[in-house]
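A quick write-up on the structure given underneath.
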Amino acid sequence: QVQLVESGGGLVQAGGSLRLSCVASGGTFTHYAMGWFRQAPGKEREFVAATSWNGGSAYYADSVKGRFAIARNNDQNMVYLQMNSLKPEDTAVYYCAADETRLVASTYDYWGQGTQVTVHS
């Protein structure tokens with residue numbers, strides 16, 4: 001079973017950038033598609049981005065397309081989310097997730113603890 005730990009969240013001004021990182025352990029990293037999800041206060045968790053096991057495919061929610069980029073490093077068991085042109089509506093807890101079968105989905109099997117991203121105007 002894979003364990004996931006996120007880092008890189010914080011407070012940023014609108015228009016700024018942040019890079020989230022997620023390290024995986026306890027499993028074979030290349031067995032998993034990796035995704036990022038987020039949950040804002042009072043809202044349901046939503047899909048943000050996903051990448052296939054080899055990084056060859058990437059998918060994004062419409063709300064982040066063109067601003068966010070997902071990438072993975074299979075040698076280091078890492079997945080990243082580069083977030084540019086941040087908006088206040090991007091404020092949320094961001095979760096790294098892993099799944100052996102799903103790619104673009106509303107839920108994955110394995111989750112990190114989350115990292116807070118706050119964008120102020």
Of all the heavy-atom pairs spanning Y108 and A33, show the shortest one and how long it is. CE2-O, 3.9 Å
For E89, I'd like to know if atom CD has over 12 heavy atoms of other residues, nucleotides or ligands within 6.0 Å. yes
Lys NZ or Arg CZ of R45 over W111 ring: under 6.0 Å, within 45°: yes
Give a yes or no on whether the backbone of G114 and the side-chain of E6 come within a donor-acceptor separation of less than 3.5 Å. yes
Please say which of V93, V12, D90, T91 ends up in a side-chain contact (heavy atoms from CB on, under 4.5 Å) with T118. T91
Cation-pi, Y60 ring and R67 (6.0 angstrom, 45 degrees): no
Can you tell me how the ring of Y32 sits relative to the ring of Y110, calling it parallel under 30°, perpendicular over 60° and tilted otherwise? perpendicular
Kindly indicate whether the side chain of M34, heavy atoms from C-beta on, has any atom under 4.5 Å from the side chain of W53. no
Go through the steps for N84 and S17 under the test side-chain hydrogen bond (donor to acceptor under 3.5 Å, both in side chains), then give the verdict. CA-CA 4 Å; N84 300 325; S17 299; 3.0 Å; yes
Please report the closest heavy-atom contact between A98 and V2, naming both atoms and the distance. CB-CG1, 4.0 Å
Do F37 and Y95 make the cut of ring centroids closer than 6.0 angstrom? no
Under a 3.5 Å distance rule, please check whether T51 uses its side chain to pair with a backbone N or O of S57 as donor and acceptor. yes
To the nearest 0.5 Å, what is the distance between CG on L86 and OG on S121? 13.0 Å
Answer yes or no: is there a side-chain heavy-atom contact under 4.5 Å between W36 and V79? yes
Please determine which of L20, V117, V48 meets the side-chain contact (heavy atoms from CB on, under 4.5 Å) test together with R38. V48
